[in-house]
Amino acid sequence: MSMEMNNGTNVQEFTLEGFPAVQHLGKILFLVHLLAYLASIAGNAVIVTITCADSRLQTPMYFFLSIFSFFECCFTSAVIPKLLVIFLFGKQTISFAACFTQAFVFVFLGAAGFLLIAVMSLDRYLAICKPLHYTTIMNLRTCCLLVTACFALGFTLMACLVVKVSQLSFCGPQVIPHFFCDLGPLIHLSCSDTRSVETLLFVLALCVLLASLIITITAYSNIVVTIIGLPSAKERQKAFSTCSSHLIVLSLMYGSSAFIYMKPKQVNRLDSNKAAALVNTVVTPLLNPVIYTLQNKQVHQALRETRSGMKISRLKKKNHLALEWKASKNHPSSFQSS
């Protein structure tokens with residue numbers, strides 16, 4: 001699909017640079033990233049499945065976690081499959097339409113994900129610091145409204161930004177110095193005056209990341225103060241262990257995203273942006289299921305019971321088939337047509 005640009009040139013496709021320095025290790029890198037991608041998808045899919053299947057996990061916390069896990073599946077699937085194709089086949093071209101579609105899905109889900117993290121932090125604050133009011137405030141309607149607001153705000157803000165970038169003229173080299181279509185490298189390729197678009201990207205990134213970060217830090221600060229006041233040393237240690245693991249993942253997410261987007265000039269540090277983007281697209285989606293949920297005792301119990309239920313179901317089916325087979329041997333006439 002081609003698109004007519006303001007300067008009279010036609011842009012049909014871009015070329016993703018990928019990782020040229022290690023492209024000779026393509027098959028090894030393909031295998032590593034494929035395993036990481038499958039592990040991430042499997043872990044997040046397990047969270048979504050058991051949250052829907054187990055009634056004990058149908059609480060606001062696990063509702064938000066299941067939505068976040070769904071986000072992570074879509075987020076990594078927007079980027080990693082194309083990277084796998086580059087590693088395995090060396091196919092680095094991407095059409096104009098596909099490139100901007102990938103860019104939109106990436107920044108939309110990224111922005112909505114950070115807003116959802118703020119909501120999850122607020123949920124934990126209310127559960128730990130305001131337990132008497134928690135069930136009244138965090139009812140199903142409120143949870144659905146908060147998730148819808150994250151989706152709507154992320155979609156609206158990022159749609160405006162991606163449309164602005166797509167209207168730029170691209171008349172120079174069409175090689176994107178990245179492994180996917182990110183907005184910074186795309187802006188760098190444009191031969192238009194990009195100052196207004198760069199400013200818009202910086203302001204939106206600043207607003208989304210800073211608003212989410214302030215809410216998260218405020219929530220966790222209050223949680224820490226509440227934890228310090230717990231009478232039991234064992235309870236304090238357990239709570240601090242959970243919070244510290246959450247904060248490690250949050251630091252990776254906020255740190256890498258701030259490094260990439262929160263700078264007014266997008267032509268700087270494009271090479272180092274690749275490493276930061278890998279943290280966002282490979283490392284944190286792989287860690288999130290482990291950190292947020294799979295280390296939780298409730299989830300472990302739900303998984304054990306699900307496995308036990310599946311074994312019992314298979315055993316019942318096997319016994320039923322055995323009984324049917326015995327019945328057919330004892331009463332062969334009942335299986336004959338009249």
If you measure from [atom1] on [X] to [atom2] on [Y], what distance do you get to the nearest 0.5 Å?
X: Leu109; Y: Phe70; atom1: CG; atom2: CZ; answer: 8.5 Å
X: Ser257; Y: Asn280; atom1: OG; atom2: CG; answer: 4.0 Å
X: Leu57; Y: Thr59; atom1: CG; atom2: OG1; answer: 7.0 Å
X: Asp193; Y: Ser169; atom1: CG; atom2: OG; answer: 11.0 Å
X: Thr216; Y: Met120; atom1: OG1; atom2: CE; answer: 9.5 Å
X: Leu126; Y: Ile223; atom1: CG; atom2: CD1; answer: 9.0 Å

Practice task
Before giving the answer on ring-ring contact (aromatic ring centres under 6.0 Å, His included), spell out for Phe71 and Phe64 the whole-Å C-alpha distance, their side-chain angles and the decisive distance to 0.1 Å.
Solution key: CA-CA 10 Å; Phe71 269 35; Phe64 291 131; over 10 Å; no

Handout entry: Geometric class of the Phe155/Phe108 ring pair [parallel <30°, tilted 30-60°, perpendicular >60°]
Key =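 Ring orientation of Phe108 relative to Phe155: perpendicular.
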
Are [X] and [Y] grouped together when hydrophobic residues (ILVMFWY) are joined by side-chain heavy atoms under 4.5 angstrom apart?
X: Leu201; Y: Leu206; result: yes
X: Tyr134; Y: Leu145; result: no
X: Phe14; Y: Phe89; result: yes
X: Ile217; Y: Leu250; result: yes
X: Ile214; Y: Phe114; result: yes

Can you tell if the side chain of [X] reaches within under 4.5 Å of the side chain of [Y], non-hydrogen atoms only?
X: Met138; Y: Leu146; result: yes
X: Leu286; Y: Val283; result: no
X: Phe75; Y: Phe68; result: no
X: Cys99; Y: Ile176; result: yes
X: Phe19; Y: Leu83; result: yes
X: Leu116; Y: Val147; result: yes

Exercise for the section: Decide whether a cation-pi geometry holds between Lys82 and Phe180; the criteria are a distance under 6.0 Å from NZ or CZ to the six-membered ring centre and an angle within 45° of the ring axis. Expected result: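 Here Lys82 fails the 6.0 Å and 45° test against Phe180.
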
At their closest point, which heavy atom of [X] faces which heavy atom of [Y], and how far apart are they?
X: Pro20; Y: Lys274; value: CD-NZ, 4.1 Å
X: Ala277; Y: His178; value: CB-CE1, 3.6 Å
X: Gln92; Y: Gly18; value: NE2-N, 4.3 Å
X: Pro60; Y: Asp123; value: CB-OD1, 3.6 Å
X: Cys181; Y: Leu186; value: CB-CD1, 4.3 Å
X: Ser77; Y: Tyr37; value: OG-OH, 2.8 Å

Practice task
Decide whether Tyr125 and Thr218 meet the rule of one side-chain donor and one side-chain acceptor closer than 3.5 Å.
Solution key: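 No, no side-chain donor-acceptor contact under 3.5 Å.
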
Practice task
Take Phe100 and Phe96 through the ring-ring contact (aromatic ring centres under 6.0 Å, His included) test and state the conclusion after the steps.
Solution key: CA-CA 6 Å; Phe100 276 93; Phe96 185 95; 4.8 Å; yes

Tell me which donor-acceptor pairs under 3.5 Å the side chains of residues 38-47 have, and how far apart each pair is, sequence neighbours excluded?
| residue | atom | partner | partner atom | Å |
| --- | --- | --- | --- | --- |
| Ser40 | OG | Pro285 | O | 3.3 |
| Asn44 | OD1 | Ser69 | OG | 3.4 |
| Asn44 | ND2 | Ser40 | O | 2.9 |
| Asn44 | ND2 | Pro285 | O | 3.4 |

Problem - Thr281 vs Phe106, side-chain contact (heavy atoms from CB on, under 4.5 Å): CA-CA, chis, key distance, verdict - result: CA-CA 10 Å; Thr281 55; Phe106 180 80; 3.6 Å; yes

Looking at [X] and [Y], would you say the former's side chain and the latter's main chain have a donor-acceptor pair under 3.5 Å?
X: Asn222; Y: Ala219; result: no
X: Glu17; Y: Phe179; result: no
X: Thr194; Y: Val197; result: no
X: Ser212; Y: Val208; result: no
X: Thr156; Y: Leu153; result: no
X: Thr142; Y: Ile137; result: yes
X: Thr51; Y: Phe63; result: no
X: Gln102; Y: Ala78; result: yes

Mind listing the side-chain donor-acceptor pairs of residues 25-35 below 3.5 Å, one per line with the distance, residues two or more places apart or on another chain?
| residue | atom | partner | partner atom | Å |
| --- | --- | --- | --- | --- |
| His33 | ND1 | Leu29 | O | 2.8 |

Practice task
Please step through side-chain contact (heavy atoms from CB on, under 4.5 Å) for the pair Leu161 and Leu183, ending with a clear verdict.
Solution key: CA-CA 9 Å; Leu161 178 60; Leu183 293 180; 3.5 Å; yes

